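This report refers to the structure that appears directly beneath it.
We're numbering straight along the sequence, starting at 1. Just so it is clear, the model here is predicted, and its values are computed rather than measured.
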Amino acid sequence: SDFLTEDPKGQLTTETLFKTSADLDKAVYNLYSFVQGFQCNSNPMIVQTMGDDVTSTTGSNKAAYLAADAFQSPTDLKGVNDLWSFYYNLIKASNFVIDVANNMKVDKSELSEQLGQAYFWRAYAYYGLVRTWGPVPMSPETVLNVDTKNNTDDIPTSSVEDIYNYIVKDLKAAEECNLPEKYSGANKSVGGANIYVSSQAVKSALTAVYMSMAGYPLNKTEYYALAADKAKEVIDAVNARGIQSLLPDWNDVYNYGNNYSSECILGIYYNPNYGSWGWDDSTLSSCHVLQYYDTWQGWGDFIPERYFWLNYPAGPRKDAVYCKTLPTKSGNNVDWWATTDG
């Protein structure tokens with residue numbers, strides 16, 4: 001009767017998977033697919049129009065952008081829905097990596113790189129959630145052994161302070177993983193830029209979190225000193241070992257021709273050869289440029305606020321951020337206010 005016993009060599013099963021450090025990489029790659037998905041289009045960035053610096057074009061599918069910009073209740077919820085969903089997708093994928101690692105019969109020192117990625121991205125997601133919504137639910141950390149009969153989606157929200165403490169705990173756990181300052185290899189760096197979380201990325205994120213804790217709404221001003229100390233660790237690594245280096249011209253920071261540089265602490269990179277609308281290719285580098293001219297092929301999702309632009313201090317930095325003229329499809333450069341097509 002043993003002919004009924006299955007041996008599915010072509011499938012990944014719990015009996016055969018997650019025995020080695022290399023097996024856990026598969027779970028990390030799954031986590032990074034959600035990282036890419038989070039950055040593949042502009043929907044999760046719609047809440048950014050609530051700031052003073054950017055707005056969107058009128059008409060088309062921009063109602064959600066303009067509602068956020070005016071602090072109105074949106075009729076189109078794609079912005080908040082996608083942002084919320086992707087943050088929790090990141091958390092779930094990170095929890096899976098951590099839970100699997102805790103259940104593997106492998107020395108945890110062999111899994112430090114994978115755990116460092118998961119702790120970082122889980123902290124990153126909660127940091128985005130708490131800054132956008134304030135009190136939010138904390139996802140259960142256990143993924144593998146969920147009691148489905150007694151499981152409930154009724155999770156109470158945690159306080160802002162508790163969430164920030166959890167974020168700090170995760171980033172300190174990532175620090176203890178002793179991640180490298182610089183990666184090599186196609187899966188972890190591109191053109192000299194890290195695309196895996198490094199120790200520099202962890203310290204930089206912890207600096208930002210401490211700065212947020214020092215300000216509104218916690219107003220724990222003692223965290224300013226902790227932020228300064230952690231930022232100095234990043235700077236010292238630059239000065240002592242050349243881990244990062246600033247681009248000589250600020251104009252190059254957002255130049256499409258400088259995607260790969262040692263100024264980048266953590267980059268999210270795509271293969272443009274796919275050219276799809278899926279998570280494997282980002283449309284962000286197209287959606288910010290205007291759609292009205294044949295050579296641009298963008299959607300104009302985000303454009304500068306005129307008042308912010310007018311009050312931006314004159315100088316080379318303003319010239320780097322804002323285009324003074326608009327290239328037309330006929331190849332001419334014209335002043336923005338000279339156009340007649342709206």
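Judged by distance alone, the side chain of Ser159 and the main-chain N or O of Asp162 form a donor-acceptor pair under 3.5 Å. The backbone N or O of Pro135 lies less than 3.5 Å from no partner atom in the side chain of Thr157, so there is not a single donor-acceptor pair. In this structure a side-chain-to-backbone donor-acceptor pair under 3.5 Å is present from Gln117 to Glu113. Judged by distance alone, the side chain of Glu175 and the main-chain N or O of Lys203 form no donor-acceptor pair under 3.5 Å.
Ser204 approaches Ile265 most closely through the heavy-atom pair OG-CD1, 3.5 Å. Of all the heavy atoms in Leu66 and Ser56, the pair that sits closest is CD2-O, 3.6 Å. Leu31 approaches Ala118 most closely through the heavy-atom pair CD2-CA, 4.0 Å. Of all heavy-atom pairs between Ser198 and Glu181, the closest is CB-O, 3.7 Å. The shortest non-hydrogen separation linking Ser212 to Tyr164 is CB-OH, 3.4 Å. Between Pro140 and Asn95 the shortest heavy-atom distance is O-ND2, 3.3 Å.
Every residue two or more places apart in sequence or in another chain that forms a side-chain contact (heavy atoms from CB on, under 4.5 Å) with Tyr322 is listed here: Pro304, Phe308, Trp309, Tyr312, Lys318. Taking the salt bridge (Lys or Arg N to Asp or Glu O under 4.0 Å) definition, one finds that Asp53 meets it with nothing, sequence neighbours left out. Every side-chain contact (heavy atoms from CB on, under 4.5 Å) that Asp23 has, sequence neighbours left out, goes to Leu17, Phe18, Lys19, Thr20, Lys26. Residues satisfying the side-chain contact (heavy atoms from CB on, under 4.5 Å) test with Met211, not counting sequence neighbours, are Tyr224, Ala227.
Between Glu233 and Lys230 the shortest side-chain heavy-atom distance falls below 4.5 Å. Annotation: side chain of Lys78 is in contact with side chain of Asn61 (closest heavy-atom distance under 4.5 Å). Two residues are said to be in side-chain contact when any heavy atoms from C-beta on lie closer than 4.5 Å; Gln200 and Val238 meet this criterion. Using a 4.5 Å heavy-atom threshold, the side chains of Ile155 and Met138 count as separate. No side-chain heavy atom of Phe34 sits less than 4.5 Å from a side-chain heavy atom of Ser94. Between Tyr32 and Ile195 the shortest side-chain heavy-atom distance does not fall below 4.5 Å. Residues Leu226 and Met213 are not in side-chain contact: their nearest non-hydrogen atoms beyond the backbone lie 4.5 Å or more apart. Using a 4.5 Å heavy-atom cutoff, the side chains of Tyr166 and Asp170 are in contact.
Screening residues 99-112 for salt bridge (Lys or Arg N to Asp or Glu O under 4.0 Å) gives no qualifying pairs among residues at least two apart or on separate chains. Residue pairs meeting the ring-ring contact (aromatic ring centres under 6.0 Å, His included) criterion with at least one member in residues 127-160, sequence neighbours excluded: Trp84-Trp133.
Remark: Lys92 NZ to Ser139 OG distance equals 9.0 Å, nearest 0.5 Å. The CD1 atom of Ile98 sits 3.5 Å away from atom CZ of Arg122, with the distance rounded to the nearest 0.5 Å. With rounding to the nearest 0.5 angstrom, the NZ atom of Lys182 is 12.5 Å from the CZ atom of Arg241. How far CD of Gln114 is from OH of Tyr196: 7.0 Å, rounded to the nearest 0.5 Å. Note that CG of Asp82 is 7.5 Å distant from CD1 of Ile46, once rounded to the nearest 0.5 Å. In this structure, CD in Glu222 is found 10.0 Å from CG in Asn219, a value given to the nearest 0.5 Å.
One hydrophobic cluster, built from ILVMFWY side chains closer than 4.5 Å, cannot hold both Tyr124 and Val234; they sit in different ones. Under the 4.5 Å side-chain heavy-atom criterion for grouping Ile, Leu, Val, Met, Phe, Trp and Tyr, Ile303 is not connected to Tyr307 through any hydrophobic cluster.
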Full working for side chain to side chain contact (heavy atoms under 4.5 Å, CB included) between Tyr65 and Val54:
CA-CA 10 Å; Tyr65 300 78; Val54 294; over 6 Å; no
Take Asn187 and Tyr29 through the test side chain to side chain contact (heavy atoms under 4.5 Å, CB included) and record every step on the way to the result.
CA-CA 10 Å; Asn187 292 336; Tyr29 296 155; 3.7 Å; yes
Go through the steps for Cys264 and Tyr269 under the test side chain to side chain contact (heavy atoms under 4.5 Å, CB included), then give the verdict.
CA-CA 11 Å; Cys264 178; Tyr269 291 103; 4.0 Å; yes
Starting from the C-alpha separation in whole Å, work towards a yes-or-no answer on side chain to side chain contact (heavy atoms under 4.5 Å, CB included) for Asp69 and Glu305.
CA-CA 10 Å; Asp69 192 23; Glu305 290 270 18; 3.1 Å; yes
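When only modelled atom types and interatomic distance are considered, Thr5 and Asp2 share no side-chain donor-acceptor pair under 3.5 Å.
More than 12 heavy atoms of other residues, nucleotides or ligands lie within 6.0 Å of CG in Asp229, so this atom counts as buried by the packing criterion. Counting non-hydrogen atoms of other residues, nucleotides and ligands closer than 6.0 Å to NZ of Lys169 gives a total above 12.
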